[in-house]
Structure formats: structure tokens, C-alpha cells
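Accompanying notes for the structure given below.
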Amino acid sequence: MNARPRLLVTRQVFPQVIERLAPYFELDANQDDEDWPRATLLARAADRDALFVAASDRVDRELLAACPRLRMVATGSVGYNHIDLAACRERGIAVSNTPDVLTEATADMAWALLLSTARRVTESEHWLRAGQWQRWAFDQFLGADVHGTTLGILGMGRIGSAVARRARGFDMKVIYHNRSRAANEAELGARLVDRATLLAEADHLVLVLPYSEATHHVIGARELAAMKSTATLVNIARGGIVDDAALVEALRAGRIAGAGLDVFEGEPALDPRLLAVPNVVLTPHIGSATRSSRMAMAMLAADNLVAFAAGQPLPTPVAAG
Ligand code: DGY
């Protein structure tokens with residue numbers, strides 16, 4: 001009988017996921033969720049045939065060079081900008097991700113941030129918790145309407161569509177900008193516009209596009225200046241799509257009304273000036289963090305690994321190997 005392939009699971013996963021993987025692999029799993037320095041990751045990965053990584057693990061040429069046996073990388077995320085796909089393809093390493101299972105939860109989170117930002121939920125809560133609420137007033141924490149306004153979506157993939165679908169309940173006009181026209185545009189009641197129109201007309205702009213060199217700082221000082229001064233911006237996609245330094249300046253100067261951010265450049269570190277800006281809602285990359293979604297993501301990554309071990313086609317490949 002052939003030896004089982006060796007798998008490294010870099011982050012703590014649900015016990016059911018370990019149970020699913022255990023019959024197929026010789027496992028090294030970081031179930032204590034230790035914060036491995038890069039050198040530890042490289043050393044632990046060195047003799048592995050497969051890796052189960054998270055979006056915070058950089059799978060680059062350095063790591064691949066350290067892993068001569070590596071044949072499969074499964075990421076427990078839909079985003080795969082942390083993986084050098086070209087390098088994996090060159091080496092014949094298969095890569096999988098976790099699409100679909102987090103779409104609805106992530107769209108919910110976009111709305112949580114949109115509503116909290118527009119209606120100043122966290123800002124007013126901090127004020128209340130600080131014991132500053134002495135009396136009610138007509139002009140306390142006036143925010144922006146959400147119902148009946150224009151929702152702009154940059155990037156109309158699965159999550160963008162799910163965000164757009166929810167806008168119906170708020171009687172919103174939906175406009176979007178995308179590389180191509182969305183096939184479900186009519187069903188969504190959404191209108192494709194150019195980027196300049198999107199920026200100029202959106203009352204609430206949600207970013208849902210993958211990160212790549214081409215989308216680096218797609219929202220910078222110029223784009224922020226082109227938005228309505230009453231607009232809100234929501235980023236549930238990836239840090240680096242927004243120029244965080246330019247955003248701080250725009251928020252401070254009142255060039256836009258507020259921002260809801262789940263992702264940051266260089267996270268988990270973030271521009272400390274963001275912490276001092278009141279009109280921003282900050283969450284620690286929890287877009288997909290519901291119990292069922294995170295379980296489904298981890299299980300789908302495991303299903304891909306099991307398929308690899310069994311020599312079967314991967315359920316959700318991004319590179320064939
Ligand atoms: C994803 O799946 O890409 C989410 O951002 C979690 O990392």
C-alpha cells in the first residue's frame with residue numbers, strides 16, 4: 001500500500017475537518033493555532049505533499065522552493081491573491097479555493113458595514129459607552145439614508161450579485177462597474193456604468209473585487225475626490241484595493257461621509273490614523289465569519305484535499321496542477 005501523502009494544516013481548523021482529513025493524510029496540524037514565524041512555516045512545510053493554508057499565509061516562490069515534494073495547496077478562502085498561481089502552475093502544483101459557500105455571509109457583512117456606517121452605529125455606541133449621552137437631541141448623530149438611495153458596486157461577481165439582490169428590500173437603484181456585463185443584470189435590476197459614473201452617482205459604494213496588481217489602489221485620492229461628499233464606502237474585498245492613507249485624508253477632510261472597512265493594507269496591522277477617525281467602522285476581516293460559512297469553507301478545503309489524495313478531480317480548483 002502506498003504511504004499516505006503528508007499534509008500540513010497551517011491554522012487551527014474545526015475538529016470535524018481534522019476528522020475528515022485524518023484517514024487520507026499523514027497530518028501535521030497547527031491545532032494550537034500558534035503564530036508561526038515565516039521560518040517555522042517553511043520548515044514545517046518542507047517535507048509536505050499538500051498544504052491547507054489560510055489567506056494570511058503567503059505561498060510564494062520562496063515557500064515553493066522550500067517544499068520540493070509539494071503537489072497541492074488548498075486555501076480556506078475564496079480569495080487566492082496570497083498564492084503565486086503562476087509559480088504553482090510552473091511546478092505542477094494544484095491549487096483550490098472555497099467559492100460560493102461564503103457568498104451570502106459576506107454579502108450580509110457588506111450590508112452590516114453599509115448600515116453601520118451610514119447610520120453611525122458604532123460611532124454613536126462608543127459615545128454612549130463613554131457616558132456622554134445626557135439628553136436626546138434632534139441633530140444627534142444624523143446619518144445618511146439608505147432606503148431609496150443609489151447603491152454602487154465595484155466588481156459584480158457572486159458576492160457583488162448577492163449584495164445587489166439585498167438592495168431590493170431597501171428600494172435602491174443599483175449601479176455597478178465590472179470588466180464585463182453581469183449575465184444576471186436584469187434579474188438584479190442593476191445597471192452597468194463606467195467607473196466615473198459609479199463614483200459620481202453612488203450614495204453607498206461597496207467594493208467586491210479581487211485583489212491583484214491591476215486592482216491595487218483602485219480607490220485612491222482621485223477616486224475619493226470624485227465621490228459625493230455624503231457618500232459612504234464599504235470594503236469587504238481585500239486590503240490594498242483602497243489606498244488607506246488617502247482614505248484617512250478623505251475622511252478627515254470630509255471628502256466622503258464615512259467608511260466601513262473589514263480589510264486593510266498590511267493587515268492585521270492597520271494605519272493607526274484610522275483608529276482616530278470617528279466616521280469609520282472597522283472590523284477584523286470577519287466578512288465570512290458565521291459558524292456555518294467558516295465550517296463550510298474549511299470543509300470545502302478538506303474536500304479538495306481528499307480529492308487530491310484519492311486522485312480525483314478537485315471540486316473547486318483554481319489551478320489544475
Ligand atoms: C476569503 O475567503 O477570501 C475571505 O476574505 C477570508 O479570508
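Note that the numbering runs from 1 along the sequence shown for the chain. Each ligand, and each atom within it, is numbered from 1 in the order the structure gives.
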Could you tell me whether [X] atom [atom1] has more than 12 heavy atoms of other residues or ligands within 6.0 Å of it?
X: F264; atom1: CZ; value: yes
X: Q132; atom1: CD; value: yes
X: R119; atom1: CZ; value: no

TODO: May I ask you to say whether D303 pairs ionically with R20, meaning some side-chain N is under 4.0 Å from a carboxylate O?
DONE: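 Answer for the salt bridge query: yes.
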Open item on the list: Looking at R48 and D28, is any side-chain nitrogen of the basic one under 4.0 Å from a carboxylate oxygen of the acidic one?
Closed with: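 No salt bridge links D28 with R48.
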Open item on the list: What does the 4.0 Å heavy-atom contact list look like for ligand 1?
Closed with: A55, S77, V78, G79, L102, R238, H285, M297
Task: Check against side chain to side chain contact (heavy atoms under 4.5 Å, CB included), T316 and N97 - done: CA-CA 6 Å; T316 52; N97 71 338; 4.2 Å; yes
